[in-house]
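As structure tokens, the structure follows; a few thoughts come after it.
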Amino acid sequence: MYRKAEIRVLFILLSALFAFSGTGFAQTKKRVEIVHCDSLDYNDRIVANAQRLMGNVHIKMEGVLMWCDSLYSYTNNNMVDAFGRVHIIRGDTLNMYADFINYNGDTKFAKARRNVKLIDKKVTLTTDSLDYTMATDMASYNYSGTVKDSTNVLKSLIGQYYVNERKAYFRTNVDGVTKDYKIKSDTLIYFTNTQKVFIEGPTYIFNEKDTLYAEYGWYDSSKNLANLTKKPRIWNVKQNVKADSIFYDKIKGEGLARGNARLEDIENKIIVEGNRIEYNDISKIALATDSAMLIQYSETDSLFLHAEILRTMPDTAVSRKSVPVKKLPVKTTSSPVVPDTLTSVGKVNEVLTNDELRADVSTSVKLSVDTLNTEMLDFVKLSNDTLSADTLDIKPPKDARLVLAYHKVRFFREDMQGKCDSLVYWSKDSTIQMFTEPVVWSNKNQITANYIEMINRSKDPDEVIMKDDAFIISMEDDSIRFNQIKGKNMTGYVRNNELYKIDVNGNGQSNYYARDKTGIIGLNKAESSNITIHMNQGKVARIVFIKSPEGELKPMADIDEGDKMLPGFNWQQDIRPKSKKDIFRTEGAAIQNKQGQEILPLKGSTGN
């Protein structure tokens, strides 16, 4: 009872003393208001100009409430040192805890040390050393801190937290954990009210399946949205995406890559490039435009293909079955041509007729995607002859792809080049289908037809199927003579990347320069409904006429200009892609080849 009375008397005496010590002190310094303490002491020999409050201390300082175990209140500078279970409340929502806090009422600056915790509504900042500026409501740490809200945890060596903006700024050794991802970064800004992360330095955002990298951009952890604008990449075990900028919506599975965009399908060894690529992780559909290019790569060689529009999607088509071979009787005929050059077949045991082997089936393939606002491919024409027995042994990729190329298609590979208006590639059975004025070149050979299909089997032979107005031209070494084969439909067989046999089905015609040991001796001109040509190292070794052959061998001196070319001959070397860069050549443009010679602009083709 006497102790409490003594404290009240002491408060009165101290207040009177402070009121008269120093001119105007009470008017220029805002004093600490002591709400409660168990004991109070004032001794200049222990601490000069300081009151010592002990036991359940509770004070007020200009809108700040403070509790602690003990406290020094300095009378000459409006500052306090609080010790033990220090708790500060500012406003209605901000709470600070620490083992020690130094607070200057004049500068509105607090230094909190050891076991520091700052709580702002649902946000908690923990560290061992925190500075807090009351004037701007900004907290900062330089020796490691952690900011945690309801869903995310972010740590860094250096950081600031802006209370009014609900903004946390992290620098150096940033680590984060969100609901779906982990984060490692150099510099991040996190808004706790929107849960949006702004990337301002090298940053990885990853989980067990996917990894995202960027040096600038933002990530919305609540909506799973990302917009990355500096050196962005997204990758996993199946694909790799990079571009100048990437926008990604994880919930919808939608992505947009812009500027030097590159999407790699690792399993199918397919790369799609373009200045704009849209892709969807749910439908597994990608669309590339603006300098679009597809690369089919392997250990030995790569194919580079350009089109105005490239689309890739899962290959979900039903497997096409092989057509059984039928044994048919054949009417035998003799050939009037030179025996060394053109051999007439007296008996053929097995013949595949065009009508039996080429029964077409049209299968509708719907490619609509709500998120990709582009034209549709109405249907893709499939042929029953596309797969034969050995093709069924091919083990297709788990996620086989279908590639659709629209308009002005041009492709280049070291051993093969081509062009057409549209193209379909099936990774399941490595089949390429070419539509609208297709042309394929290989070494000194050119293949044309209204439709071309190339099948790459797991076992030799590969096949090239040519339908309607099929025409093969092979240039002689002197570059002024051309061997030619023409027919309604043809099938070429390839072994070790070399064409070794050609079957002509319907309206077969051939022009071929015959040779002996001395060189070219004449021009063989022959016609037959069906023809089989056997090749050796790119040259005709033997021709077999299956049905109704007619022909003659003209000596070199008797060859007229009109004899040299079959009807429909069109050697299109001027539009042939010369390199992977040349696939982007457009009508009216010219480039230089490896020898520095100018390649003429494209001509003689529609829309290519």
Side-chain angles (χ1 to χ4, degrees), residues 30 32-33 58-68 78-80 82 86-98 100-179 183 185-201 203 216-223 225 227:
K30 296 182 179 180
V32 173
E33 179 183 348
H58 179 195
I59 66 170
K60 291 182 180 180
M61 292 184 69
E62 297 183 66
V64 174
L65 299 177
M66 180 184 294
W67 291 263
C68 60
N78 199 24
M79 185 173 65
V80 299
V86 186
H87 178 198
I88 287 180
I89 294 179
R90 176 174 169 80
D92 298 328
T93 60
L94 187 68
N95 288 265
M96 183 189 298
Y97 302 87
F100 168 80
I101 293 179
N102 168 267
Y103 179 67
N104 189 317
D106 293 335
T107 61
K108 306 293 190 297
F109 188 78
K111 298 178 181 180
R113 302 294 183 262
R114 297 186 298 278
N115 299 314
V116 182
K117 182 186 294 185
L118 181 71
I119 301 176
D120 178 29
K121 294 183 178 178
K122 296 180 179 180
V123 179
T124 300
L125 188 162
T126 57
T127 182
D128 225 35
S129 178
L130 184 75
D131 293 339
Y132 192 93
T133 303
M134 301 288 181
T136 59
D137 281 314
M138 191 270 286
S140 63
Y141 58 86
N142 295 297
Y143 303 100
S144 185
T146 301
V147 174
K148 181 179 181 180
D149 62 14
S150 58
T151 57
N152 302 317
V153 179
L154 289 161
K155 303 177 182 179
S156 66
L157 183 63
I158 301 171
Q160 291 87 39
Y161 178 64
Y162 300 84
V163 174
N164 297 330
E165 301 174 50
R166 302 290 189 268
K167 180 175 76 172
Y169 182 63
F170 304 91
R171 289 190 296 120
T172 311
N173 300 333
V174 184
D175 286 297
V177 177
T178 74
K179 181 177 61 176
I183 300 174
S185 177
D186 173 74
T187 307
L188 283 181
I189 295 175
Y190 177 56
F191 284 88
T192 60
N193 55 339
T194 62
Q195 296 185 341
K196 185 178 285 189
V197 176
F198 285 84
I199 298 167
E200 295 197 345
T203 300
Y216 197 82
W218 55 262
Y219 166 64
D220 191 328
S221 62
S222 65
K223 298 178 181 178
L225 298 175
N227 188 35

query: Taking the side chain from Lys108 and the backbone from Gly105, do they hold a donor-acceptor pair closer than 3.5 Å?
result: yes
message: How about NZ on Lys167, more than 12 heavy atoms from neighbouring residues, nucleotides or ligands closer than 6.0 Å, or not?
response: yes
field: Side-chain heavy-atom pair Trp67, Ile89 within 4.5 angstrom cut-off
entry: yes
Approximate separation, where rounding is to 0.5 Å, of Ile189 CD1 and Lys196 NZ: 12.5 Å
Step-by-step side chain to side chain contact (heavy atoms under 4.5 Å, CB included) determination, Ser129 to Tyr141: CA-CA 6 Å; Ser129 178; Tyr141 58 86; 5.9 Å; no
message: Just so I know, are the side chains of Tyr161 and Val123 near enough to count as touching, which here means a heavy-atom distance under 4.5 Å?
response: yes
Met79 side chain reached by Asp106 side chain, heavy atoms, under 4.5 Å: no
query: Shortest non-hydrogen contact from Ala98 to Val116?
result: CB-CG2, 4.0 Å
task: Output, in order, the C-alpha distance, side-chain angles, deciding distance and verdict of side chain to side chain contact (heavy atoms under 4.5 Å, CB included) for Lys148 and Thr126.
output: CA-CA 8 Å; Lys148 181 179 181 180; Thr126 57; over 6 Å; no
query: Does one side chain, of Asn152 or Tyr190, offer a donor that lies under 3.5 Å from an acceptor on the other?
result: yes
task: Taking the side chain as every heavy atom from C-beta outward, state whether Arg171 and Leu188 have any atom pair closer than 4.5 Å.
output: no
query: With no hydrogens and no angle check, is any side-chain donor or acceptor of Thr192 less than 3.5 Å from a backbone partner on Arg166?
result: yes
field: Reported CD1-to-CZ distance for the pair Ile183 and Phe170, which is rounded to 0.5 angstrom
entry: 9.5 Å
- request: Take Ser140 and Tyr169 through the test side chain to side chain contact (heavy atoms under 4.5 Å, CB included) and record every step on the way to the result.
  value: CA-CA 9 Å; Ser140 63; Tyr169 182 63; over 6 Å; no
message: Can you tell me how far apart OG1 (Thr133) and OH (Tyr162) are? Round to the nearest 0.5 Å.
response: 9.5 Å
query: So, Tyr132 versus Asp137: side-chain donor-acceptor pair below 3.5 Å or not?
result: yes
message: What I'd like to find out is whether the side chain of Val86 reaches to under 4.5 Å of the side chain of Arg114, using heavy atoms alone.
response: no
Heavy-atom pair of closest approach, residues Ile199 and Gly201: CG2-O, 3.2 Å
message: Quick check: do Val147 and Thr124 have side-chain heavy atoms less than 4.5 Å from each other?
response: no
task: Check Ile119 against Lys121 and note the closest heavy-atom contact, atom names and distance.
output: CG2-O, 3.7 Å
message: Rounded at 0.5 Å granularity, tell me how far OG1 in Thr93 sits from CG in Asp120.
response: 4.5 Å
query: If we only count heavy atoms from C-beta on, is the Leu118 to Tyr97 side-chain gap below 4.5 Å?
result: no
- request: Side-chain contact test, heavy atoms from C-beta onward, threshold under 4.5 Å: evaluate it for His58 versus Leu65 and give yes or no.
  value: yes
task: State the CE-NE2 distance between Met66 and His87, to the nearest 0.5 angstrom.
output: 10.5 Å
- request: Could you tell me which non-hydrogen atom of Leu154 sits nearest to which non-hydrogen atom of Gly176, and how far apart they are?
  value: CD2-CA, 3.5 Å
message: Around atom CZ of Phe100, are there more than 12 heavy atoms from other residues, nucleotides or ligands closer than 6.0 Å?
response: yes
message: If I take atom OG1 from residue Thr146 and atom CG from residue Asp175, how far apart are they, to the nearest 0.5 angstrom?
response: 9.5 Å
- request: Begin from the C-alpha positions of Thr151 and Gln195 and carry the test side chain to side chain contact (heavy atoms under 4.5 Å, CB included) through to its verdict.
  value: CA-CA 9 Å; Thr151 57; Gln195 296 185 341; 2.8 Å; yes
- prompt: Looking just at side-chain N and O atoms, do Thr203 and Ser185 make a donor-acceptor pair shorter than 3.5 Å?
  reply: yes
task: Could you point out which residue of Asp128, Asp131, Thr127 forms a side-chain hydrogen bond (donor to acceptor under 3.5 Å, both in side chains) with Arg113?
output: Asp131
task: Taking all non-hydrogen atoms of both residues into account, name the closest pair between Val64 and Tyr103 and its distance.
output: CG2-OH, 4.0 Å
Shortest non-hydrogen contact between Val80 and Val32, atoms and distance: CG1-CG2, 3.7 Å
